[in-house]
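Below: the structure, in structure tokens.
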Amino acid sequence: MEFLKTFTPELTIVSPGRINLIGEHTDYNMGYVLPTAIEKKIIFKLRKNGSDSVCHVYSETYDTGFDLNLNAIARSEVEWENYILGVLNEISVRTNKVRGFDCVLQSDLPTGSGLSSSAALECGLAFGLNELFDLGLSQLEIVQLAQTAEHTYVGTQCGIMDQFASVMSKSGHVILLDCESLEYDYIPIDLHPYKIILLNTKVSHNLASSAYNTRKRECEEGVAIIRRKHPKVKSLRNVTEEMLNASRPEMDATVFDRCSFIVAENKRVLQMANALRKKDLLWAGQLLYAAHHGISKLYEVSCPESDFLVEFSKDNPNVLGARQTGGGFGGCTLNIVHEDEVDAFIATASIAYKKEFDIALEAFEVKPSGGTLVA
Ligand code: ADP
Ligand code: MG
């Protein structure tokens, strides 16, 4: 792209990916989640280009870019452009202070691996433009406009967790976020002598695919049935096991399974927060295995590759727990592994995975890290 020849950034933004320790698919059901940002990130290099409305965006990751006009923002046929365009559209609803800019993206965050490169992309851009043009947006406004951009331009009816974690995280902590009230608490996470090891199945999900939105609809269907007996219930967040069981006869079996996963998963998030507070790592590990069972058998958003890696980890006494992290259908499994066992675990898992699926496993440690910042 022409602008790259003379590009010198005036602002650099670091926008992290995230893991979610536990609480999967609970965010859009108005429940609890327990995420944190990680060190892997998208870096945004930005400058004003003096134009009123012409912008240039280039992704080093994809070695491709596009030009856009702020006065004619519309959805694109190219998927990744919609994350950018959606954010610009949402910002334009709130302020008209954005002018022409140039933006270069660099990333060491695997895309489509359940580490929320999508939220890193949306929030990093919003955060950067907020700084560059002094838009006066609060962190929470950035989080919310990024989420809405994903709904309207990308078409994924995501909850708020990914954007919240990318922007609001604090090093050495996970965020216990109540997705209904948006109240949150930073919980210190000290797993010593264990580490968080991610195994990337390299199976790339596509959250924009219908599965994610279908799960959301199934949960809403469950809520509608429960409301016949309990009119005050707004979401699965307000539903107990007893209430769910009482409505079971009226419910499709699949809808029941989806709802029972969410009800149990919300409980597990609160239990995990307690396990971390007490530093009960055995309990924390058991909660991860229980969560994965639900993800795989009840919510049915796992895949053979993730199931294989989680099962594999169970044979190793130095792994306390594991589950698929992220929206599902692949991406990464999150494993709590004793520090002395990390190398051996990765080596044996890689061999077994290669043998089973003929895919080279990618493995790395993640540390709970801080949210979006100016570098
Ligand atoms: P996840 O959020 O788990 O990584 P998603 O499917 O939600 O998976 O988002 C991945 C999408 O985000 C990619 O397919 C691409 O459209 C966009 N994306 C992420 N990182 C980049 C990047 N560095 N450059 C351009 N687009 C990116
Ligand atoms: Mg995503």
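Numbering of ligands and ligand atoms starts at 1, following listing order.
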Using a strict 4.0 Å cut-off to heavy atoms of Leu121, name the atoms of ligand 1 that fall inside it. 17 (C), 18 (N), 26 (N), 27 (C)

Do we see a donor-acceptor contact under 3.5 Å between the side chains of Thr201 and Glu305? no

Counting only heavy atoms, which portion of Ala120 has something under 4.0 Å from ligand 1: side chain, backbone, both, or neither? neither

Just checking Asp343: does its CG atom have more than 12 heavy atoms from other residues, nucleotides or ligands closer to it than 6.0 angstrom? no

Below the 3.5 angstrom mark, is there an N/O of Glu150, backbone or side chain, next to an N/O of ligand 1? no

Consider every N or O of Gly114 and every N or O of ligand 1, then say whether any pair is closer than 3.5 Å. yes

Would you please say whether a donor-acceptor pair under 3.5 Å links the side chains of Asn29 and Ser235? no

For residues Tyr289 and Ser313, is any side-chain donor paired with an opposing acceptor at under 3.5 Å? yes

If you measure from atom 5 (P) of ligand 1 to every heavy atom of Gly17, Ser59, Ser118, which option wins on shortest distance? Ser118

Fit a plane to each ring of Tyr299 and Phe261, take the angle between them on a 0 to 90° scale, and name the class: parallel (under 30°), tilted (30 to 60°) or perpendicular (over 60°). tilted

With a 4.0 Å cut-off on heavy atoms, does Gly326 reach ligand 1? no

With heavy atoms of Ile42 as the reference, note each atom of ligand 1 found under 4.0 Å away. 20 (N)

Run Glu10 and Leu132 through side-chain contact (heavy atoms from CB on, under 4.5 Å) and show every step you take. CA-CA 9 Å; Glu10 60 184 281; Leu132 199 62; 3.7 Å; yes

Contacting atoms of ligand 1, where contact means under 4.0 angstrom from a heavy atom of Ser113: 3 (O), 4 (O)

Per-atom contacts of ligand 1 with Ser107, taking only distances under 4.0 Å to non-hydrogen atoms: 23 (N)

Relative to atom 20 (N) of ligand 1, which among Asp108, Thr111, Ile43 owns the nearest non-hydrogen atom? Thr111

Check this for me - ligand 1, Gly112, N or O atoms closer than 3.5 angstrom, yes or no? yes

Which of Leu34, Leu276, Thr36 passes side-chain contact (heavy atoms from CB on, under 4.5 Å) with Ile189? It is Leu276

How does Ser117 reach ligand 1, by side chain, by backbone, by both or by neither, if only non-hydrogen atoms under 4.0 Å count? both

Measure Leu115 to ligand 1 on non-hydrogen atoms and call it side chain, backbone, both or neither using the 4.0 Å cut-off. backbone

Any donor-acceptor pair under 3.5 Å linking the side-chain atoms of Asp307 with those of Ser302? yes

Using 2.8 Å as a strict upper limit, say whether an N, O or S atom of Thr156 approaches the Mg ion (ligand 2) that closely. no

I want to confirm something. Looking only at heavy atoms, which of Gln106, Glu81, Glu79, Arg18 is nearest to atom 16 (O) of ligand 1? Glu79

Taking the six-membered ring of Phe364 as reference, does the cationic atom of Lys40 (NZ for Lys, CZ for Arg) lie under 6.0 Å from its centre and within 45° of its axis? yes

Can you tell me if NE2 on His338 sees more than 12 non-hydrogen neighbours from other groups inside 6.0 Å? yes

Of Tyr62, Phe44, Tyr58, Tyr83, which has the heavy atom at the shortest distance from atom 13 (C) of ligand 1? Tyr62

